[in-house]
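Quick notes on the structure that follows.
The figures that follow rest on heavy atoms only: side chains count, while hydrogens, waters and symmetry mates do not.
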Amino acid sequence: MKAAIYREFKGPITIEDMPDPKVPEDGVVVKVMANGICRSDWHGWMGHDPDITLPHVPGHEMAGIVEEVGPQVKKWKPGDRVTLPFVEGCGACPQCASGNHQVCDHQEQPGFTHWGSFAQLTALHRADVNLVCLPDEIEFVTAASLGCRFATSFRGIVDQGRTGPGEWVVIHGCGGVGLSALMIARALGANTIGIDIQEERLAFARSIGAMYILNAVKTPDLVEAILDITEGGAHVSMDALGSPETCYNSVDCLRKQGRHVQVGLMVDDHKNTAIPMDKVIAKELEIRGSHGMQAHRYDRMLAMILAGQLDPDKLIGKRVSLEASAGELMKMDRFEGSGVTVIDSL
């Protein structure tokens, strides 16, 4: 098979012929039909993830067709159309037993704990626990764009944020995660504000669900502007980027008993960032993380897509080849363009 591989962090990413993966006893080999390029892949390439062992094939936002099935697998067969969350739960630990596979004690993550899906074929473990049946009506490219960003945003807005109709939702950072969150919040009937530093992204945010947009660089007092628009602060605020400034502002702009959801990764020097803890206490604020979404929660998200309530295709900004994926991954820190980039060909 052909795959994108790097042999050192921050080093060259090359497209090479590699041995086909062996099917796990409890898993499957999937023919990758489409794969998203995510900033988490960039973090991995930079060396920010301790689970990665070199050499490495990145990729965790995939959709495809089952090619081969391990002897322990009962629910899947060759030819099935599938996608999956980026966290592979074990199905047996206390977290999985409670339905929270996204924080499994023994989780694996394709593209991090083992080789991922920047490839023609990829091996996936614990298939009966983690695979999601992809309806025929949803294209592979659409499913790949759900991957980590849309699904993570769905759980962040719906489950962690507990967003309701008429509430104010503020999204800090209008990349793939933030745009997804805006679309989902509007579908739930919330009032939405999108924040970014690029006018192109802000215009895109308005087109897919932001009722108000604010440029964080051009707005003299961002938090005060949010408080004015919302008449007291956000009910739900999400840091969809992952920086000390966006995290702080997200907490700071909440109204009393508001909910902050942290989705943007806080890694390297930012992992112990400051937040206004005095306001957390005085306003009885909630601080919640959101780490992906369980396979068993995909049903509601897919149902909303099939019903036309969500249109993730609008978030696909660019389709590229596997050959071009290396260049796209290495420049993800530049935050160029709008929407999600998806690999859909060799």
Minimal non-hydrogen separation, [X] against [Y], with atom names:
{"X": "Met211", "Y": "Asn191", "result": "SD-CA, 3.4 Å"}
{"X": "Val251", "Y": "Pro276", "result": "CG1-CG, 3.7 Å"}
{"X": "Leu214", "Y": "Ala225", "result": "CD1-CB, 4.2 Å"}
{"X": "Ala151", "Y": "Gly147", "result": "CB-O, 3.6 Å"}
{"X": "Asp311", "Y": "Met183", "result": "O-CE, 3.2 Å"}
{"X": "Val129", "Y": "Cys90", "result": "CG2-O, 4.3 Å"}

Item to complete: Check each of His114, His101, Arg126, His60 against Glu88 using the side chain to side chain donor-acceptor pair (under 3.5 Å) test, and report the only one that passes.
Response: His114

Check whether [X] and [Y] end up in the same hydrophobic cluster, where Ile, Leu, Val, Met, Phe, Trp and Tyr are linked by side-chain heavy atoms less than 4.5 Å apart.
{"X": "Trp115", "Y": "Ile37", "answer": "yes"}
{"X": "Phe112", "Y": "Val177", "answer": "no"}
{"X": "Leu134", "Y": "Phe154", "answer": "yes"}
{"X": "Val169", "Y": "Leu227", "answer": "no"}
{"X": "Ile171", "Y": "Phe204", "answer": "yes"}

Separation of [Y] [atom2] from [X] [atom1] (nearest 0.5 Å):
{"X": "Trp45", "Y": "Asp333", "atom1": "CH2", "atom2": "CG", "answer": "7.5 Å"}
{"X": "Asn249", "Y": "Asp252", "atom1": "CG", "atom2": "CG", "answer": "6.5 Å"}
{"X": "Glu139", "Y": "Asp344", "atom1": "CD", "atom2": "CG", "answer": "10.5 Å"}
{"X": "Ile197", "Y": "Thr219", "atom1": "CD1", "atom2": "OG1", "answer": "12.0 Å"}
{"X": "Leu285", "Y": "Ser250", "atom1": "CG", "atom2": "OG", "answer": "10.0 Å"}
{"X": "Asp159", "Y": "Arg162", "atom1": "CG", "atom2": "CZ", "answer": "10.5 Å"}

Does any non-hydrogen side-chain atom of [Y] lie less than 4.5 Å from one of [X]?
{"X": "Leu302", "Y": "Ile138", "result": "yes"}
{"X": "Leu84", "Y": "Val30", "result": "no"}
{"X": "Lys318", "Y": "Val342", "result": "no"}
{"X": "Thr230", "Y": "Ile193", "result": "yes"}
{"X": "Leu131", "Y": "Leu124", "result": "yes"}
{"X": "Asp105", "Y": "Pro94", "result": "yes"}
{"X": "Ile13", "Y": "Phe118", "result": "no"}
{"X": "Trp168", "Y": "Val236", "result": "no"}

Do [X] and [Y] have a side chain donor and acceptor closer than 3.5 Å?
{"X": "Gln262", "Y": "His291", "result": "no"}
{"X": "Glu61", "Y": "Asn35", "result": "no"}
{"X": "His260", "Y": "Ser237", "result": "no"}
{"X": "Thr246", "Y": "Ser243", "result": "yes"}
{"X": "Thr122", "Y": "Ser117", "result": "no"}
{"X": "Asn100", "Y": "Gln102", "result": "yes"}

Worksheet item: What is the ring orientation for His48 with His43, classed by angle as parallel under 30°, tilted 30 to 60°, or perpendicular over 60°?
Response: tilted

Donor-acceptor pair, [X] side chain versus [Y] backbone, under 3.5 Å?
{"X": "Asp128", "Y": "Lys75", "answer": "yes"}
{"X": "Gln160", "Y": "Gly289", "answer": "yes"}
{"X": "Glu328", "Y": "Ser325", "answer": "no"}
{"X": "Arg186", "Y": "Ala190", "answer": "yes"}
{"X": "Asp80", "Y": "Lys77", "answer": "yes"}
{"X": "Trp76", "Y": "Val28", "answer": "no"}
{"X": "Glu25", "Y": "Gln72", "answer": "no"}
{"X": "Lys283", "Y": "Gly258", "answer": "no"}
{"X": "Asp196", "Y": "Cys174", "answer": "yes"}

Worksheet entry | Given Pro58, Pro55, Pro12, the one that forms side chain to side chain contact (heavy atoms under 4.5 Å, CB included) with Tyr6 | Pro58

Practice prompt. Look at Glu68 together with Lys22 and state whether they make a salt bridge at an N to O cut-off of under 4.0 Å.
Written response: no

Discussion item. Please evaluate residues Leu346 and Ser321 with respect to the criterion side-chain contact (heavy atoms from CB on, under 4.5 Å), reporting the C-alpha separation (whole Å), side-chain torsions for both, the decisive distance (0.1 Å), and the verdict.
Written reply: CA-CA 5 Å; Leu346 289 177; Ser321 66; 5.9 Å; no

Practice prompt. List for me each residue that meets salt bridge (charged side-chain N to carboxylate O under 4.0 Å, His left out) alongside Arg206, sequence neighbours excluded, and say none if there are none.
Written response: none

Item to complete: Kindly write out the residues that satisfy salt bridge (charged side-chain N to carboxylate O under 4.0 Å, His left out) with Arg259, not counting sequence neighbours, or none if the list is empty.
Response: Glu167

Within 6.0 angstrom of [X] [atom1], more than 12 heavy atoms from elsewhere:
{"X": "Glu245", "atom1": "CD", "value": "no"}
{"X": "Leu54", "atom1": "CG", "value": "yes"}
{"X": "Lys331", "atom1": "NZ", "value": "yes"}
{"X": "Lys314", "atom1": "NZ", "value": "no"}

Practice prompt. Go through the steps to decide whether Met301 and Leu146 satisfy the test side-chain contact (heavy atoms from CB on, under 4.5 Å), and finish with yes or no.
Written response: CA-CA 10 Å; Met301 180 178 70; Leu146 301 177; 4.1 Å; yes

Worksheet item: After noting the C-alpha distance and the side-chain angles of Ile213 and Ile195, does the key distance pass the side-chain contact (heavy atoms from CB on, under 4.5 Å) rule?
Response: CA-CA 6 Å; Ile213 53 174; Ile195 298 170; over 6 Å; no

Fill in: Candidate pair Gln109 and Asp51, rule side chain to side chain donor-acceptor pair (under 3.5 Å), full reasoning
CA-CA 9 Å; Gln109 298 182 23; Asp51 291 326; 5.5 Å; no

Fill in: Test log, rule side-chain contact (heavy atoms from CB on, under 4.5 Å), inputs Met293 and Thr152
CA-CA 6 Å; Met293 186 168 77; Thr152 298; 6.0 Å; no

Item to complete: Find out whether the Lys NZ or Arg CZ of Arg81 is both under 6.0 angstrom from the six-membered ring centre of Phe140 and within 45° of the ring's axis.
Response: yes

